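Just so we're clear, the structure is a prediction, and the values are computed from it rather than from any experiment.
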Amino acid sequence: KFKYPIYGRPSDLVTFNLADFSSTCPPEKAIGRYAGGAVVPYYSRQEIDESNVLQGKAQPIAWVDDPVDLFFLHVQGSGKIRIDRNELMNVHYLISNGHPYQSIGKYLIDKGRLAKEEVSMQSIRSYLRAHPDEMNEIFNYNPRYVFFEEVAAGPMGCFNIALTPGRSIALDRKQYPAAALAFIQ
């Protein structure tokens with residue numbers, strides 16, 4: 001029943017600062033793997049999900065029973081996994097495979113499978129459950145794959161402070177400064 005792994009960081013995943021290689025490069029972190037004498041992009045979601053490329057390189061920290069929930073865990077970056085009736089395991093984003101995030105909501109709109117006005121996490125979940133034969137195609141549109149770590153407390157924000165349910169929001173630090181005020185109606 002529990003056949004979908006939540007992986008920790010793979011041993012062959014490397015990070016490096018582009019600016020360390022050339023002063024013309026921006027000071028950005030890059031992610032890849034060492035292969036054949038070169039650093040190459042890390043495996044995509046499709047390569048990870050459809051082959052054994054992580055065999056012996058990444059240990060699952062948990063197994064779940066729902067591929068849709070697992071996909072949304074990757075999008076959200078943290079969550080709680082019910083181990084049994086009384087125990088919860090907190091998992092948190094550790095690192096990604098370095099591939100860009102691609103919205104499956106946009107994919108479903110572009111393919112004419114959902115109308116732009118009706119796209120939400122709930123409508124995407126409903127579509128995936130109603131069309132399980134399309135699930136891999138849709139998931140593979142987003143090549144980004146997230147690796148997790150188990151943490152004692154719930155998810156932490158950018159200041160390493162626990163997030164408050166119903167109050168904390170995610171933000172893109174390239175667009176908004178940390179600790180910016182937000183009004184949500």
Side-chain angles (χ1 to χ4, degrees), residues 2-7 13 18 26 28-32 41-51 53-54 62-82 88 90-149 154-159 161-185:
F2 299 97
K3 59 184 178 178
Y4 304 100
I6 297 173
Y7 286 110
L13 186 143
L18 294 173
E28 290 184 19
K29 179 175 81 169
I31 298 171
Y42 204 76
Y43 301 108
S44 69
R45 172 179 301 281
Q46 183 172 7
E47 291 170 312
I48 292 169
D49 285 344
E50 295 179 6
S51 66
V53 295
L54 296 183
W63 294 82
V64 296
D65 63 350
D66 188 334
V68 176
D69 285 344
L70 178 58
F71 182 85
F72 280 102
L73 177 64
H74 281 241
V75 173
Q76 298 293 323
S78 65
K80 295 179 181 291
I81 300 166
R82 185 166 303 284
L88 289 176
N90 295 301
V91 293
H92 187 66
Y93 172 96
L94 179 60
I95 195 165
S96 79
N97 62 352
H99 288 259
Y101 169 79
Q102 299 290 327
S103 167
I104 64 170
K106 182 182 180 323
Y107 177 80
L108 291 169
I109 293 167
D110 291 348
K111 293 291 185 180
R113 295 175 185 163
L114 289 177
K116 184 177 182 178
E117 308 76 42
E118 66 184 31
V119 172
S120 66
M121 185 167 65
Q122 293 77 15
S123 67
I124 293 170
R125 281 180 180 276
S126 294
Y127 185 89
L128 291 166
R129 298 221 190 279
H131 302 90
D133 54 313
E134 298 177 31
M135 200 176 299
N136 288 341
E137 169 198 339
I138 294 166
F139 288 165
N140 290 338
Y141 177 74
N142 177 19
R144 183 179 202 101
Y145 197 93
V146 173
F147 301 103
F148 294 88
E149 65 181 336
M156 305 299 273
C158 62
F159 290 117
I161 297 171
L163 299 177
T164 305
R167 296 290 178 254
S168 299
I169 60 172
L171 58 88
D172 181 343
R173 292 181 70 179
K174 291 180 182 176
Q175 299 291 322
Y176 303 99
L181 296 177
F183 176 77
I184 300 173
Q185 187 173 11

Can we say D66 and R129 salt-bridge, meaning some charged N sits less than 4.0 Å from an Asp/Glu carboxylate O?
yes
Heavy-atom check, side chain of V91 versus side chain of E149, under 4.5 Å
no
How close do Q102 and P143 get, counting heavy atoms only, and between which atoms?
CG-CD, 3.6 Å
Are M121 and Q76 packed together at the side-chain level, in the sense that at least one heavy-atom pair is separated by less than 4.5 angstrom?
yes
In this structure, OH of Y107 is separated from OH of Y141 (nearest 0.5 Å) by 8.5 Å
The side-chain contact (heavy atoms from CB on, under 4.5 Å) partners of N140 (sequence neighbours excluded) come to R45, Q46, E50, N136
State the NZ-CG distance between K80 and N90, to the nearest 0.5 angstrom.
4.0 Å
Do H74 side-chain atoms and V146 backbone N/O form a donor-acceptor pair below 3.5 Å?
yes
Start with the C-alpha gap between S96 and I31, add the side-chain angles, then the distance that decides, and say whether side-chain contact (heavy atoms from CB on, under 4.5 Å) holds.
CA-CA 8 Å; S96 79; I31 298 171; 4.1 Å; yes
Set out, in order, the CA-CA distance, both residues' side-chain angles and the distance that settles salt bridge (Lys or Arg N to Asp or Glu O under 4.0 Å) for R82 and D69, then state yes or no.
CA-CA 12 Å; R82 185 166 303 284; D69 285 344; over 6 Å; no
Pairing residues for F147 by the side-chain contact (heavy atoms from CB on, under 4.5 Å) criterion, not counting sequence neighbours
Y7, P10, L13, Y42, I48, L54, I95, N97, Y145
Just how far is it from atom CZ of F71 to atom CD1 of I104, taken to the nearest 0.5 Å?
4.0 Å
Would you mind reporting whether L108 and Y127 have side-chain heavy atoms less than 4.5 Å apart?
yes
For V119 and G105 the tightest heavy-atom approach is CG1-CA, 4.0 Å
Across all chains, not counting sequence neighbours, the side-chain contact (heavy atoms from CB on, under 4.5 Å) partners of I6 are I61, A62, V64, L70, L73, I81, F148
Please list all pairs meeting salt bridge (Lys or Arg N to Asp or Glu O under 4.0 Å) that have one or both residues in residues 136-147, counting only residues at least two apart or in different chains.
R113-E137
Show the nearest heavy-atom pair for residues H92 and S78, with the distance to one decimal.
ND1-CB, 3.7 Å
Among residues at least two apart in sequence or on other chains, which ones pass ring-ring contact (aromatic ring centres under 6.0 Å, His included) with Y93?
none
Within the side chain of N142, is there an N or O that forms a donor-acceptor pair under 3.5 Å with the backbone of S103?
no
So, using side-chain contact (heavy atoms from CB on, under 4.5 Å) as the criterion, who are the partners of A130 when residues are at least two apart?
none
